[in-house]
Amino acid sequence: MIDVVAVGETMAVVTPTLAEPLEMASGFSVETAGAESNLAQWLADWGHSAAWVSRVGNDPLGRRMVRTLKNHGVNTTYVSVDPQAPTGVMFKDPGINSTTVHYYRKNSAAALMGAGTVESLPWGSFRLLHLTGITPALSSSCAALVQMLFDRAKRESVPVSFDVNYRPGLWGVQDAQAVLLNYARQADYTFVGLDEAQVLWPGLGSADDVRELIPNAGTLIIKDGALGATEFNSQGSTFVPAQLVQVVEAVGAGDAFAAGYLSAVLENGQALERLQRGHQFAARALASTLDFQPSSKEGSK
């Protein structure tokens with residue numbers, strides 16, 4: 001039995017070793033970057049079984065990513081290799097107050113994902129499916145894939161976790177807002193940042209407003225940056241403040257939060273524990289330039 005299957009693109013990410021601007025840096029690391037595979041790594045690191053499903057190029061970066069994720073305990077059985085399209089690449093450019101990300105992913109192997117990418121998935125042998133709003137922005141075939149997965153999961157009675165993860169570099173608000181709202185309303189667990197919700201759906205002032213917009217989601221988790229996060233479910237709402245942490249670099253913290261939260265879900269934790277573990281994982285990501293920080297480096301789980 002696999003605990004979580006996460007479907008989506010992963011790119012090679014080039015990051016300055018120190019949190020300094022890309023054009024000034026002299027040392028770099030080459031790691032993996034993908035919301036879905038980030039989540040799978042965090043869960044595997046905690047001891048859960050997690051599989052990442054995607055498509056990579058038949059190139060050194062694709063092979064490197066698959067090997068890295070496998071070494072981190074992620075099941076890569078369902079990753080396919082495209083003989084012609086390349087693996088995507090991204091560069092992080094740390095700034096004083098924020099990090100800019102530069103993508104080189106057009107026509108990547110993952111953008112060609114479609115129904116065939118998931119035809120061998122072992123439905124009935126995993127507990128949770130995780131998707132994000134990044135995938136439908138990659139191509140029309142990827143958008144069709146996401147809806148197909150929602151439909152199939154419903155038929156198979158597999159809960160779906162959906163992280164809105166709006167990326168303005170991939171599509172504009174007018175193209176994204178209705179699509180992402182539709183997915184958010186279908187999911188069993190929906191994650192969204194209050195700030196991104198306010199960009200996507202203007203007029204929202206609070207977490208309660210977001211809940212009114214997305215009342216259908218089985219459980220809605222709204223993240224409000226350094227302030228904390230709120231879970232809404234059929235019994236009401238629970239708020240847990242974020243941990244105090246010195247932020248080194250923020251990219252990837254949302255994936256870590258979702259992983260921590262879902263880890264507690266898999267262990268039958270209640271709302272308080274789910275949110276607390278989400279903050280715990282996010283704090284580790286915020287304290288590093290890496291999207292994933294293994295527990296062995298942190299010293300403890």
Side-chain angles (χ1 to χ4, degrees), residues 1-11 13 31-54 65-79 118 121-135 149 153 158-165 187-191 218-219 221 223 229 231 240 243 251-288 290-301:
M1 178 67 75
I2 301 171
D3 288 329
V4 176
V5 168
V7 183
E9 180 177 30
T10 292
M11 296 175 289
V13 56
E31 304 291 341
T32 63
E36 299 83 5
S37 60
N38 286 344
L39 178 133
Q41 289 181 95
W42 285 105
L43 287 170
D45 185 65
W46 193 260
H48 297 288
S49 56
W52 165 58
V53 181
S54 191
M65 288 194 309
V66 172
R67 184 181 68 249
T68 296
L69 290 166
K70 189 173 182 179
N71 289 342
H72 287 164
V74 176
N75 183 336
T76 60
T77 301
Y78 308 103
V79 177
V118 296
L121 276 186
W123 294 96
S125 296
F126 57 93
R127 298 171 60 190
L128 184 71
L129 174 67
H130 181 71
L131 305 169
T132 79
I134 297 172
T135 304
L149 287 169
V158 174
V160 178
S161 162
F162 178 70
D163 193 336
V164 170
N165 241 324
D188 297 278
Y189 299 94
T190 297
F191 298 89
T219 302
I221 305 94
K223 301 166 290 181
E231 175 189 306
V240 173
Q243 294 185 9
V251 175
D255 307 328
F257 180 93
Y261 180 96
L262 293 176
S263 170
V265 168
L266 293 166
E267 296 173 10
N268 300 313
Q270 298 304 303
L272 180 64
E273 183 180 358
R274 295 193 289 256
L275 294 169
Q276 287 176 333
R277 192 173 298 176
H279 288 315
Q280 178 185 346
F281 279 34
R284 282 169 50 192
L286 290 167
S288 169
L290 302 177
D291 289 358
F292 166 63
Q293 183 67 277
S295 57
S296 59
K297 294 182 180 180
E298 184 71 11
S300 63
K301 290 185 177 181

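Because only heavy atoms are used, hydrogens play no part in the values below, and waters and symmetry mates are left out as well, while side chains stay in. Because the structure is a prediction, the values reported are computed rather than measured.
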Are Gln41 and Trp46 close enough that a side-chain donor and a side-chain acceptor fall under 3.5 Å?
-> no
Ignoring hydrogens and angles, tell me if any N or O in the side chain of Ser49 forms a donor-acceptor pair with the backbone of Met1 under 3.5 Å.
-> yes
How about Leu129 and Leu149: do any of their side-chain heavy atoms sit closer than 4.5 Å?
-> yes
Gly269 backbone acceptor or donor facing Arg274 side chain under 3.5 Å | yes
Gly73 and Ala44 have their tightest heavy-atom pair at O-CB, 3.7 Å
Would Met65 and Glu31 count as a side chain to side chain contact (heavy atoms under 4.5 Å, CB included) if you check the C-alpha gap in whole Å, the side-chain angles of each, and the deciding distance to 0.1 Å?
-> CA-CA 7 Å; Met65 288 194 309; Glu31 304 291 341; over 6 Å; no
Check: Val13 and Thr32 side chains under 4.5 Å, non-hydrogen atoms = no
Determine whether the aromatic ring centres of Phe281 and Tyr261 lie less than 6.0 Å apart.
-> no
Pair Thr132, Glu36: side-chain N/O donor-acceptor within cut-off below 3.5 Å | yes
Considering only heavy atoms from C-beta outward, does the side chain of Ile221 approach that of Thr190 to under 4.5 Å?
-> no
Residue pair Ala282 / Ala253: nearest heavy atoms and the distance that separates them = CB-O, 3.7 Å
So how far is it from Phe162 CZ to Asp188 CG, rounded to the nearest 0.5 Å?
-> 13.0 Å
Does any non-hydrogen side-chain atom of Tyr189 lie less than 4.5 Å from one of Val160?
-> no
Hey, what do you get for NE2 (His48) to CG (Leu39), rounding to the nearest 0.5 Å?
-> 10.0 Å
Minimum heavy-atom separation for Ser54 to Gly8, with atom names?
-> OG-O, 2.9 Å
Contacts of Ser37 that satisfy side chain to side chain contact (heavy atoms under 4.5 Å, CB included) - sequence neighbours left out = Thr10, Trp52, Leu69
Quick one: do Leu262 and Glu267 satisfy side chain to side chain contact (heavy atoms under 4.5 Å, CB included)? Show the steps, please.
-> CA-CA 9 Å; Leu262 293 176; Glu267 296 173 10; over 6 Å; no
Measure the shortest side-chain to side-chain distance between Asn71 and Arg67 over non-hydrogen atoms and say whether it is less than 4.5 angstrom.
-> yes
Side-chain donor/acceptor of Ser263 to backbone N/O of Leu43, under 3.5 Å = no
Which residues share a side chain to side chain contact (heavy atoms under 4.5 Å, CB included) with Gln243, sequence neighbours left out = His279, Gln280, Ala283
Identify which one of Val7, Asp255, Asp163 satisfies the side chain to side chain contact (heavy atoms under 4.5 Å, CB included) criterion when paired with His130.
-> Asp163
Of all heavy-atom pairs between Trp123 and Ala153, which one has the smallest distance, and what is that distance?
-> CZ3-CA, 3.6 Å
Taking all atoms of both residues into account, what is the closest heavy-atom pair of Phe257 and Ala229, and its distance?
-> CZ-CB, 3.7 Å
Are the side chains of Phe126 and Val158 in touch, meaning some heavy atoms are under 4.5 Å apart?
-> yes
Non-hydrogen side-chain atoms of Asp45 and Arg284 separated by less than 4.5 Å | yes
Backbone N/O of Ile134 and side chain of Asn165: donor-acceptor pair under 3.5 Å = no
Pick from Val4, Ile2, Val5, Asp3: which one makes a side chain to side chain contact (heavy atoms under 4.5 Å, CB included) with Arg127?
-> Asp3
